[in-house]
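This report concerns only the one structure given below.
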Protein chains: 2
Amino acid sequence: MKNYTLLQQHKLKATPQRLAIIELMEYHGHISIDDLYSSIRQIFSSISLATLYKNIHSMMGVNLIREVKVPGQKTHYEIEKERHAHILCTQCGELKDIEFDPQSFIQLVASQSAYKTEEVSVIISGICPKCQKK
Amino acid sequence: MKNYTLLQQHKLKATPQRLAIIELMEYHGHISIDDLYSSIRQIFSSISLATLYKNIHSMMGVNLIREVKVPGQKTHYEIEKERHAHILCTQCGELKDIEFDPQSFIQLVASQSAYKTEEVSVIISGICPKCQKK
DNA sequence: GTATTTGCAAATGATTTGCAGTGCT
DNA sequence: AGCACTGCAAATCATTTGCAAATAC
């Protein structure tokens with residue numbers, strides 16, 4: 001019901017496909033189109049990639065979903081929620097969230113440039129503990 | 001001559017195409033494939049997109065060039081140099097560099113996670129002064 | 001001289017579009 | 001009922017690949 005309302009608040013029709021997209025994104029945190037497609041097909045065997053793309057775009061249009069572009073990786077998508085940064089393991093490719101409050105940044109940028117800051121996207125790359133052991 | 005040496009140091013053959021790519025990237029700061037292609041064609045009318053992609057990849061392989069992925073934009077490429085962040089105007093699409101020292105970040109991440117940090121990519125979006133006036 | 005690189009054309013992969021039919025409100 | 005949404009197939013756009021000829025060292 002919560003997601004149903006969420007869609008309505010953004011003036012989007014609450015179709016089962018959209019509800020499933022939101023649920024899967026909430027569950028995964030961030031997800032690529034391919035993973036989203038194969039997960040969602042287990043519920044909606046008939047859903048098409050075109051529908052996924054269209055829905056992701058309409059939800060991006062109302063800032064419900066955000067695009068996460070990572071160097072060397074396919075685009076991921078996630079629900080807009082509390083601010084966080086992403087950390088990517090360059091060996092195994094795992095992408096994780098880490099806590100991050102961009103407030104200090106926004107202030108820094110505001111003082112350095114005359115921009116009106118909206119968003120900060122931070123992607124850190126490194127080697128995760130598991131891969132370091134190998 | 002400088003770029004010639006630069007390529008050799010990275011064990012890449014110094015072809016005129018590669019030299020031109022480096023020069024254009026140094027001049028532009030960051031550039032999309034399309035812009036790079038049309039600029040470079042003014043010098044090498046015969047250069048192909050395939051060659052651009054191949055060269056960009058070999059130079060990325062030796063960390064001479066970095067990929068910059070920006071939400072809602074095509075991939076850009078730039079020479080690896082002093083660390084900086086990018087700021088994107090969501091109205092006019094202009095992408096600029098701003099100064100940024102990731103040192104404090106790297107420390108923060110190192111303490112929060114067990115990652116061995118290599119790189120930090122920061123993309124800020126907002127509205128540039130010009131567009132604010134409109 | 002040899003291994004690498006280039007440019008072409010074709011292949012692949014990702015995303016978008018048009019349209020007829022369906023479903024939300 | 002009416003407009004937005006879906007799924008399909010086809011179109012477009014981005015990137016990669018195979019290969020013969022050219023070039024760097």
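Only a predicted model underlies this, so the values are computations on that prediction, with no experimental measurement involved. So you know, we letter chains A, B, ... as the sequences are listed, proteins then strands, and number each from 1.
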Of the options [options], whose atoms approach the side-chain atoms of [X] most closely?
X: A:Asn55; options: D:dT6, C:dT25, D:dG7; answer: D:dT6
X: B:Ala14; options: D:dG7, D:dT15, D:dC25; answer: D:dC25
X: A:Gln8; options: D:dG7, D:dT15, C:dT25; answer: C:dT25
X: A:Lys13; options: C:dG7, C:dG23, D:dC25; answer: C:dG23
X: B:Thr51; options: C:dC24, C:dG7, C:dT5; answer: C:dG7

Could you give the [atom1]-to-[atom2] distance, from [X] to [N], as a whole number of Å?
X: B:Lys69; N: D:dA14; atom1: NZ; atom2: P; answer: 13 Å
X: B:Leu49; N: D:dA14; atom1: CG; atom2: P; answer: 9 Å
X: A:Leu36; N: C:dA14; atom1: CG; atom2: C1'; answer: 15 Å
X: B:Ile56; N: D:dT16; atom1: CD1; atom2: P; answer: 10 Å
X: B:Arg41; N: C:dT6; atom1: CZ; atom2: P; answer: 15 Å
X: B:Tyr53; N: D:dT17; atom1: OH; atom2: C1'; answer: 14 Å
X: B:Leu52; N: C:dT5; atom1: CG; atom2: P; answer: 15 Å
X: B:His76; N: D:dA14; atom1: NE2; atom2: P; answer: 13 Å

Tell me whether B:Gln73 contacts the main-chain N or O of B:Leu95 through its side chain, where contact means a donor paired with an acceptor under 3.5 Å.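 No, B:Gln73 side chain to B:Leu95 backbone: no donor-acceptor pair under 3.5 Å.
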
Counting the atoms with a prime plus P, OP1 and OP2 as sugar-phosphate, which does B:Tyr37 contact under 4.0 Å by heavy atoms, base, sugar-phosphate, or nothing?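 Contact class for B:Tyr37: none.
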
Sugar-phosphate, base or nothing in reach of A:Phe44, heavy atoms under 4.0 Å: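 Touches nothing.
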
Heavy atoms, side chains only, cut-off 4.5 Å: are B:Gln9 and B:Thr5 in contact?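 Yes, their side chains come closer than 4.5 Å.
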
Going by side-chain hydrogen bond (donor to acceptor under 3.5 Å, both in side chains), A:Arg66 matches just one of A:His76, A:His30, A:Glu80. Which one?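 Only one of A:His76, A:His30, A:Glu80 forms a side-chain hydrogen bond (donor to acceptor under 3.5 Å, both in side chains) with A:Arg66, namely A:Glu80.
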
Short side-chain N/O contact from A:Gln17 to OP1 or OP2 of C:dG23, under 4.0 Å: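 No, A:Gln17 has no side-chain N/O under 4.0 Å of OP1/OP2 on C:dG23.
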
Earlier contact from the 5' end, DNA chain D, for A:Arg18 and B:Ile33: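 Final value for this comparison: A:Arg18.
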
Here's a test of your reading of the structure: between B:Thr15 and A:Ser48, which maps to the more 5' nucleotide of DNA chain D?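 Between the two, 5'-proximity favours A:Ser48.
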
May I ask you to verify whether the side chain of A:Lys54 and the base of D:dG7 hold a donor-acceptor pair under 3.5 Å?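 Check passes, donor-acceptor contact within cut-off.
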
Please report the shortest heavy-atom distance between B:Gly72 and A:Glu67, naming the atom on each side.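 Here B:Gly72 and A:Glu67 meet closest at N-OE1, 2.8 Å.
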
Between A:Ile33 and A:Tyr77, which heavy-atom pair has the shortest distance, and what is it?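 Nearest pair, atom of A:Ile33 first, then A:Tyr77: CG1-CE1, 3.5 Å.
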
